[in-house]
Amino acid sequence: MTATIIDGKAHALALRTRVAAHVATFREATGRAPGLAVVLVGEDPASAVYVRNKGKATLDAGMASFEHRLPVDTEAETLLALVAQLNADPAVDGILVQLPLPAHIDAQAVLLAIDPDKDVDGFHPVNAGRLAIGAEGFVPCTPLGCLILLKDIHPKLSGMEAVVVGRSNIVGKPMAQLLLQQSCTVTIVHSRTRDVAAHLRMADIVVAAVGIPRFIQGDWIKPGASVIDVGINRTDDGLVGDVDFAAASAVAGAITPVPGGVGPMTIACLIRNTYVSACRRERLEAML
Ligand code: GUN
């Protein structure tokens, strides 16, 4: 058996196109474009690429992009003052401070300073709390993208066994919350789990987000399972995921490739969240 390869690029393009159409309606109704502010501190090359792609996707969707680039030695106070200014700016519906920040800045303090109702990254503790209790807020873009891909394969996730590999605040924990909300039976496995393979062999759904190249072996996958690989690991053979793709795709029912799987969905979800934020702030119903 060979798995269906989940085309994240095509899903992302479809979502971005749908949001762009709704943005056009939003602009007619309000006379303004939804706005996303992206803040980059320093010149980390990977972050610079992400920020450029986010800015381009924002403009492609018909939204306003506000980019703020600050030098690597920026004081925390200066960054916090910028965040306060963006919180107060009515043209800004979404604020994203690109991570990682330079070591001398307390990233948690910066995330706490962002207005939770403009926190389109979903990293503010208020949004983490809202997700945990099922209240309206913002869900981090990567797990949201994973859920959209999974729902396309399994419109009804209820009752399925889901295993999330990794417990980060950005992916693993919010992913587990989303799957729980969909009435999956959710297990989170991590670096101290005694037998990761034993858990995975029972999983109908696997979401891998550990950051270890090809960590998950083909014979750990239950035949027919849906496998979502969040990993983006640079190795000597290029970009690889957290799953041994060649082996797993011979066993799984559906699997995301790396690259071209989850990655493009993350930016599409950022665009979606920004549109949703603009609608909430204008008291309009988001059409998604
Ligand atoms: N760095 C890598 N991915 C992300 C992301 O989704 N949001 C932010 N703010 N920083 C990141």
Side-chain angles (χ1 to χ4, degrees), residues 1-12 14-15 139-140 142-168 170-233 235 237-266 268-269:
M1 195 179 83
T2 304
T4 301
I5 309 299
I6 300 167
D7 187 344
K9 262 198 224 169
H11 279 280
L15 177 54
V139 177
T142 298
L144 182 56
C146 294
L147 182 69
I148 291 172
L149 295 178
L150 283 169
K151 291 274 280 190
D152 184 60
I153 307 169
H154 306 285
K156 191 171 157 288
L157 289 162
S158 176
M160 298 184 88
E161 296 283 334
V163 173
V164 177
V165 189
R167 54 176 156 177
S168 71
I170 291 178
V171 184
K173 285 182 202 164
M175 189 74 239
Q177 295 286 5
L178 284 173
L179 291 165
L180 185 58
Q181 213 168 69
Q182 297 293 320
S183 303
C184 289
T185 302
V186 182
T187 303
I188 304 181
V189 299
H190 49 79
S191 53
R192 304 295 169 90
T193 298
R194 273 188 242 137
D195 190 346
V196 171
H199 288 282
L200 284 177
R201 287 190 182 111
M202 295 193 295
D204 305 307
I205 306 278
V206 176
V207 180
V210 271
I212 304 172
R214 301 193 185 101
F215 173 66
I216 293 169
Q217 310 293 304
D219 67 351
W220 299 2
I221 302 293
K222 176 178 168 179
S226 296
V227 179
I228 306 293
D229 190 348
V230 181
I232 301 179
N233 307 292
T235 71
D237 346 320
L239 280 191
V240 304
D242 292 347
V243 178
D244 181 344
F245 181 85
S249 59
V251 184
I255 187 167
T256 58
V258 177
V262 173
M265 287 302 288
T266 298
C269 288

Just verifying a value: how many Å separate [X] [atom1] and [Y] [atom2], rounded to the nearest 0.5 Å?
{"X": "Ile5", "Y": "Phe245", "atom1": "CD1", "atom2": "CZ", "value": "3.5 Å"}
{"X": "Leu150", "Y": "Gln182", "atom1": "CG", "atom2": "CD", "value": "9.5 Å"}
{"X": "Leu149", "Y": "Ser226", "atom1": "CG", "atom2": "OG", "value": "10.5 Å"}

Practice problem: For the residue pair Arg167 and Arg192, establish whether any side-chain heavy-atom pair is separated by less than 4.5 Å. | Solution: yes
Quiz item: What pairs with Thr193 under side chain to side chain contact (heavy atoms under 4.5 Å, CB included), at least two apart in sequence or on another chain?
Solution: Val189, His190, Val196, His199
Self-check item: With sequence neighbours excluded, residues passing side chain to side chain contact (heavy atoms under 4.5 Å, CB included) with Ser158
Solution: Lys156, Ser183
Exercise. Using the salt bridge (charged side-chain N to carboxylate O under 4.0 Å, His left out) rule, take Arg214 and Asp237 through it: C-alpha gap first, then chi angles, then the decisive distance, then the call.
Key: CA-CA 12 Å; Arg214 301 193 185 101; Asp237 346 320; 3.0 Å; yes
Return the minimal non-hydrogen interatomic distance between [X] and [Y], and the atom names on each side.
{"X": "Pro257", "Y": "Ile6", "answer": "CD-O, 3.1 Å"}
{"X": "Thr235", "Y": "Val240", "answer": "CG2-CG2, 3.6 Å"}
{"X": "Ile221", "Y": "Ala248", "answer": "CG1-CB, 4.1 Å"}
{"X": "Met202", "Y": "Glu161", "answer": "O-CB, 3.4 Å"}

Quiz item: Is there a donor-acceptor pair closer than 3.5 Å between any side-chain N or O of Asp242 and the backbone N or O of Gly211?
Solution: yes
